[in-house]
Number of protein chains: 2
Amino acid sequence: MQTAPTDRLSATFQALADPTRRAILARLALGETSVSELAKPFEMSMPAVSKHLKVLEHAGLITRSRDAQMRPCKIEAAALKQADDWLEEYRRLWEQRLDRLEDYLQTVQAKAPRDKETKAKPIKAKEKTRGREK
Amino acid sequence: MQTAPTDRLSATFQALADPTRRAILARLALGETSVSELAKPFEMSMPAVSKHLKVLEHAGLITRSRDAQMRPCKIEAAALKQADDWLEEYRRLWEQRLDRLEDYLQTVQAKAPRDKETKAKPIKAKEKTRGREK
DNA sequence: TATGTATTTAACCAATCAGTTATTTAACCG
DNA sequence: CGGTTAAATAACTGATTGGTTAAATACATA
């Protein structure tokens with residue numbers, strides 16, 4: 001149990017760095033549900049799941065309420081948005097890379113000399129912003 | 001026990017879950033550079049930086065080449081894109097949430113509430129799907 | 001060949017992680 | 001009250017992490 005000296009973003013990425021926790025989030029994206037319900041798909045004990053939930057909660061990725069004996073969990077997307085905002089800074093890097101790939105493919109196809117049936121139809125003009133537009 | 005070869009996405013998130021490594025990536029986003037250059041801003045030893053680089057390399061976030069004694073590091077954005085693609089699935093969640101917040105604020109402001117004790121009304125129906133406009 | 005420079009590897013350490021079983025708390029029901 | 005259900009906590013364990021210092025490697029140059 002850590003009293004976080006670590007920053008929020010690190011805690012978020014840390015929480016996402018585990019397939020079980022990502023699966024839990026995937027389930028919670030469909031809607032609020034109980035701990036035992038969340039635990040069902042996994043072969044691990046309840047305390048193990050409980051710990052994963054604590055990690056997610058600590059990262060601000062989920063919140064819990066109370067419904068009789070149950071403690072339903074709810075996904076909190078704001079923390080995910082933080083991660084997305086961080087990635088935003090780097091988006092141009094892979095978009096640029098994809099652009100280059102596209103340029104390459106365009107070049108290759110333009111040069112393609114001996115394709116028997118199809119006439120080399122030019123590729124659609126590449127748009128400068130690929131992927132998600134800003 | 002989840003031993004052995006963790007998946008790529010976990011490795012990526014794991015690598016991003018450390019401020020030092022994120023700072024290294026931020027530096028590399030500006031361009032390829034040497035290990036000692038990367039190490040300069042940090043108060044840790046060279047081996048420590050070397051280990052961080054190994055983590056980044058293992059996650060596919062950087063590659064290294066050779067230039068005399070130096071091993072210049074280069075950022076590889078493809079792995080970041082994988083993380084972005086994973087987040088993509090959840091984007092609607094926080095966009096929806098922001099919609100609701102926006103609607104809520106709008107409601108509150110429209111009412112120009114005079115008595116503080118009135119409990120906030122339930123959220124009004126929203127009609128437009130907003131967020132990143134396409 | 002020897003020497004300096006850039007970086008990695010080895011060996012070690014404390015803290016954290018991801019899991020376990022056993023126990024405890026909390027809320028409901030008859 | 002006692003019993004059941006849902007979940008959290010305690011205590012333990014082995015593996016991993018993030019750092020250290022000291023030694024080894026790889027390359028360039030004199």
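All heavy atoms count here, side chains included; hydrogens, waters and symmetry mates do not. Here is how names work: the chains are called A, B, and so on, in the same order as the sequence lines, proteins then strands, and each is numbered from 1.
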Practice task
Examine D:dG19: is either OP1 or OP2 under 4.0 Å from a nitrogen or oxygen in the side chain of B:S45? Give yes or no.
Solution key: no
Exercise for the section: Kindly say if B:K51 contacts the phosphate of C:dT8, meaning a side-chain N or O under 4.0 Å from OP1 or OP2. Expected result: no
Fill in the blank from the handout: Contact string for nucleotides 24-30 of chain D, one letter per nucleotide 5' to 3', B = base within protein heavy-atom range under 4.0 Å, S = sugar-phosphate only, - = neither, reads --SBS--
Problem - B:R71 side chain to B:S65 backbone, donor-acceptor under 3.5 Å - result: yes
Practice task
Nearest whole angstrom, please: distance from the P of C:dT5 to the CD of B:E37.
Solution key: 16 Å
Fill in the blank from the handout: From CD of A:E43 across to C1' of C:dA18 the rounded distance in Å is 15 Å
Handout entry: Interatomic distance where CZ belongs to A:R64 and P belongs to C:dA27 [whole Å]
Key = 15 Å
Practice task
With A:R64 as reference, evaluate A:P72, A:C73, A:S34 under the side chain to side chain contact (heavy atoms under 4.5 Å, CB included) test and give the passing residue.
Solution key: A:C73
Practice task
Could you state the atom-to-atom distance from CE of A:M46 to C1' of D:dT4 in whole Å?
Solution key: 15 Å
Exercise for the section: Look at B:H52 and D:dT17 and indicate whether a side-chain polar atom (N or O) is within less than 4.0 Å of OP1 or OP2. Expected result: no
Handout entry: Selected nucleotide, minimal atom distance to A:P47 side chain, candidates C:dT21, D:dT20, C:dG19
Key = C:dT21
Problem - Spacing of B:M70 atom CE relative to C:dG4 atom C1', expressed in whole Å - result: 14 Å
Problem - Nucleotide C:dC17, atom C1' - distance to CZ of B:F13 in whole Å - result: 19 Å
Handout entry: side-chain N/O A:S50 vs D:dA8 OP1/OP2, d < 4.0 Å
Key = yes
Practice task
In plain terms, say whether A:D18 and A:R22 are close enough for a salt bridge, that is, a side-chain N and a carboxylate O under 4.0 Å apart.
Solution key: no
Exercise for the section: Salt-bridge test for A:K74 and A:E76: reply yes if a basic N is under 4.0 Å from a carboxylate O, no otherwise. Expected result: yes
Practice task
Using atom CG of A:L53 as one end and atom C1' of C:dA18 as the other, report the distance to the nearest whole Å.
Solution key: 14 Å
Practice task
Give one of base, sugar-phosphate or nothing for A:S34, where a contact means two heavy atoms less than 4.0 Å apart.
Solution key: sugar-phosphate
Exercise for the section: Mind checking side chain to side chain contact (heavy atoms under 4.5 Å, CB included) for A:Q69 and listing every partner two or more places apart, or none if nothing turns up? Expected result: none
Exercise for the section: Check whether any side-chain N or O of A:R71 sits under 4.0 Å from OP1 or OP2 of C:dA27, and answer yes or no. Expected result: no
Exercise for the section: For A:K54 and C:dG19, give me the distance from atom NZ to atom P, rounded to whole Å. Expected result: 15 Å
Problem - Interatomic spacing from CG in A:L16 to CG in B:L87 - rounded to 0.5 Å - result: 7.0 Å
Problem - For B:A23, all residues meeting side chain to side chain contact (heavy atoms under 4.5 Å, CB included), sequence neighbours excluded - result: B:F42
